[in-house]
Amino acid sequence: MKRAIITITLFIYTTFPGYSQAKERAFYNHKLTIEPAVGTKLVTFAGGTLDIQPAVLVQYNLHPRLNFILHAATSLDIKTSHFKNVKTKHNYTSYQRIGIGTTLYSRKTANSFYLTGGAKHYMYSAKMNNKNLSETVEVDIDKWYPDWGLLYAFKWGKKRTFFCSRIYFPLFAEDMGYNLIENMTIEFGIGLRIM
């Protein structure tokens, strides 16, 4: 009799928690999600240039533990020039990345880690008008850079829509010093399950 009670108890403890976890794992069943977000560079919080970064991430689950992503963002620097004679026409950076990674699931959350690669397009244009100089000085930059990095994504929720946040850590920059720190970004948004 004791053996039957122990067997039934073990069966209940091993079956029902596993069933309830599988039922509540909404992210495990998501095949395709779109996650629009708004973010900024982490340097902004340390007193760096102010910017706003609209972004979108599309995630396709090839397997429950293997994900493919497309990530696109545009970082728009807000005009906060401390120089009186410099007039900025435009200053923005656009990113296009693809990546592959894995996801760790719990009941209501998903933690994803991706290795990404792509391109970064930087455009800057400014004019300096100084009465002491005989000429006006103009600067125009239009340059493409490789963009490699690590992306951490956190998702919370159980239904068709969910909260999402991301942190991007670049692995490549021109001078490998300040630019790495300057290009770290954080994003917050709402995700939507498509399939």
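The first residue of the sequence shown is numbered 1, and numbering continues consecutively from there.
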Fill in the blank from the handout: Result for side-chain hydrogen bond (donor to acceptor under 3.5 Å, both in side chains) between Asn61 and one of Gln59, Arg65, His63 points to Gln59

Practice task
Look at the rings of Tyr92 and His90 and say which category their plane angle falls in: under 30° parallel, 30 to 60° tilted, over 60° perpendicular.
Solution key: tilted

Is it possible for you to say whether [X] and [Y] belong to one hydrophobic cluster, with membership spreading through side-chain heavy-atom contacts below 4.5 Å?
X      : Y      : value
Ile167 : Val38  : no
Met123 : Trp144 : no
Phe163 : Tyr152 : yes
Leu76  : Ile141 : no
Ile190 : Leu32  : no

Practice task
Begin from the C-alpha positions of Glu35 and Phe162 and carry the test side chain to side chain contact (heavy atoms under 4.5 Å, CB included) through to its verdict.
Solution key: CA-CA 9 Å; Glu35 303 167 23; Phe162 51 89; 4.0 Å; yes

Practice task
Could you point out which residue of Ile98, Val56, Thr116 forms a side-chain contact (heavy atoms from CB on, under 4.5 Å) with Leu70?
Solution key: Ile98

Taking every non-hydrogen atom, the tightest pair across [X] and [Y]:
X      : Y      : value
Trp148 : Gly117 : CE3-CA, 3.4 Å
Ala110 : Tyr105 : CB-CD2, 4.0 Å
Met195 : Arg193 : O-CG, 3.4 Å
Ala73  : Ala55  : CB-CB, 3.6 Å

To the nearest 0.5 Å, how far apart are [atom1] in [X] and [atom2] in [Y]?
X      : Y      : atom1 : atom2 : value
Ile194 : Thr33  : CD1   : OG1   : 8.0 Å
Asn111 : Lys155 : CG    : NZ    : 10.0 Å
Gln53  : Ile186 : CD    : CD1   : 11.0 Å
Thr109 : Trp156 : OG1   : CH2   : 10.5 Å
Ser125 : Asn91  : OG    : CG    : 9.5 Å
Phe154 : Thr103 : CZ    : OG1   : 12.5 Å

Exercise for the section: Answer yes or no on whether Lys120 is positioned over the face of Tyr145, meaning its NZ or CZ is under 6.0 Å from the six-membered ring centre and within 45° of the axis. Expected result: yes

Handout entry: Donor + acceptor pair across side chains of His121, Asp142 (<3.5 Å)
Key = yes

Problem - Pairwise side-chain contact, Tyr124 with Lys143, heavy-atom cut-off 4.5 Å (strictly under) - result: no

Exercise for the section: Would you mind reporting whether Lys41 and Thr185 have side-chain heavy atoms less than 4.5 Å apart? Expected result: yes

Fill in the blank from the handout: Students should find that the hydrophobic cluster of Tyr95, defined by side-chain heavy atoms under 4.5 Å apart, otherwise consists of none

Practice task
Among Ile, Leu, Val, Met, Phe, Trp and Tyr joined by side-chain contacts under 4.5 Å, find the other residues sharing a cluster with Leu151 and list them by chain and number.
Solution key: Leu57, Ile69, Tyr114, Tyr168

Practice task
Please name all residues satisfying salt bridge (Lys or Arg N to Asp or Glu O under 4.0 Å) with Glu187, sequence neighbours left out, ordered by chain then number.
Solution key: Arg166

